[in-house]
Enquirer: 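What follows is a structure written as structure tokens; I'll ask about it next.
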There are 2 protein chains.
Amino acid sequence: MADMTPEAASALLRGAGIPVTRQRVQIACAFLGAPAHLTAEQLVARMREQAPGLARATVYNTLGLFVAHGLVREIIVDGGSVIYDSNTAPHFHYYDSRSGELGDLPAEALRVSGMPQLPPHLELEAVDVIVRVRSRG
Amino acid sequence: MADMTPEAASALLRGAGIPVTRQRVQIACAFLGAPAHLTAEQLVARMREQAPGLARATVYNTLGLFVAHGLVREIIVDGGSVIYDSNTAPHFHYYDSRSGELGDLPAEALRVSGMPQLPPHLELEAVDVIVRVRSRG
DNA sequence: TTCCATGCAAAGGGTTTGCACTCTC
DNA sequence: GAGAGTGCAAACCCTTTGCATGGAA
């Protein structure tokens, strides 16, 4: 868990245009220090240890803010819960439906080409690729 | 809503190795007749009209069965709910996060190449591509 | 000081479960 | 007749909401 220093976290938030508060700094320190895949609930649990006063709703709000400002990405693999990815570099994911394990695929691993014409009122936002795998057995 | 005949639905179920029951035939008739994107709840609502006796849990169970036997596909776009796709031909999807609209992209519209090496204990199941768009405004 | 952010608890939506009854094979 | 499938309602999980307090600028 390479946590980020509070100073670095504050700078990061400011740079992203997010008003700095203590809780946001705490969450950034715990989550943005190194690439990680975490559900909101997992992050709530982690924050309970590191910052017991922090409320569940604040974690959810803050994650939403981070997504809106491009500090983290949402990965949606199974309807049940959203996974947040602190690695914002372009890359793809594989997901093992048997174990629930989620992993990274480097951007070079596969290429998506031939982006189709979109109806003129639609604007491209992102292309999510999930490689679904299953552990043999 | 090009519903399927009960006879065709029974044959389809049998062909997929799914034991035939009246409810499964009803659901197949209502959903598998033509390509459609429906959430479980939407299908529950539709079944309430066509077959009032049918329980919510039965719809969920049956959709799970259909997925396991390849009769429909799950599309996961927003964490909140799973969308079921009765079109099992290879194709991709676009999703408008603003309106919630989900649409098809033909398989030829884009190409995914360079499938990466997977760790040896993992078996490829599917590659899901979701093109996220946003209506301008 | 002014407003936005936070904490808390409870509501909400979608999905799954437990158990008795019913039907298919 | 044996077993799986079904209906019903309640439980469950993740997420969001409402409102009063507290903190940042």
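All of these numbers come straight from a predicted model, not from anything done at the bench. Numbered from 1 within each chain, the chains take letters A, B, ... in sequence-line order. Only this structure's heavy atoms are used, side chains among them; waters, hydrogens and symmetry mates stay out.
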Enquirer: Just the endpoints, please: which first and last nucleotides of DNA chain D, 5' to 3', lie under 4.0 Å from a heavy atom of chain A?
Expert: D:dC14 to D:dA25
Enquirer: When you check every protein heavy atom under 4.0 Å of nucleotides 20-25 of chain C, what one-letter string (B, S, -) results, 5' to 3'?
Expert: ----SS
Enquirer: Mind checking if A:Q23 touches a base, just sugar-phosphate, or nothing, with heavy atoms under 4.0 Å?
Expert: sugar-phosphate
Enquirer: Could you see if A:V112 belongs to whatever hydrophobic cluster contains B:Y94? Use Ile, Leu, Val, Met, Phe, Trp, Tyr and a side-chain cutoff under 4.5 Å.
Expert: yes
Enquirer: Test your reading of the model: is there a side-chain donor-acceptor pair from B:Q42 to the backbone of B:T39, 3.5 Å cut-off?
Expert: yes
Enquirer: Any salt bridge linking A:R132 with B:D128? Criterion: basic side-chain nitrogen under 4.0 Å from a carboxylate oxygen.
Expert: yes
Enquirer: Sequence neighbours left out, what passes ring pair (Phe, Tyr, Trp, His ring centres under 6.0 Å) with B:H93? Give chain and number order.
Expert: B:H37, B:H91
Enquirer: Do any of residues 53-73 of chain B sit with a heavy atom less than 4.0 Å from DNA chain D, and if so which?
Expert: B:G53, B:L54, B:A55, B:A57, B:T58
Enquirer: Kindly list each side-chain donor-acceptor pair under 3.5 angstrom involving residues 75-83 of chain B, sequence neighbours excluded, with atom names and distances?
Expert:
| from | atom 1 | to | atom 2 | distance (Å) |
| --- | --- | --- | --- | --- |
| B:D78 | OD1 | B:G80 | N | 3.1 |
| B:D78 | OD1 | B:S81 | N | 3.4 |

Enquirer: Would the distance check show the side chain of B:T58 and the main-chain N or O of B:L54 forming a donor-acceptor pair, the cut-off being under 3.5 Å?
Expert: no
Enquirer: Side chains of A:Y60 and A:E41: any donor to acceptor distance under 3.5 Å?
Expert: yes
Enquirer: Under the 3.5 angstrom rule, does the side chain of A:S135 hit a backbone N or O of B:L122 as a donor-acceptor pair?
Expert: no
Enquirer: Could you tell me which residues satisfy side-chain hydrogen bond (donor to acceptor under 3.5 Å, both in side chains) with B:R73, sequence neighbours excluded, listed by chain and number?
Expert: none
Enquirer: Answer with base, sugar-phosphate or nothing: what part of the nucleic acid does A:G80 contact at a heavy-atom distance below 4.0 Å?
Expert: sugar-phosphate
Enquirer: Looking at B:R134 and A:L124, would you say the former's side chain and the latter's main chain have a donor-acceptor pair under 3.5 Å?
Expert: no
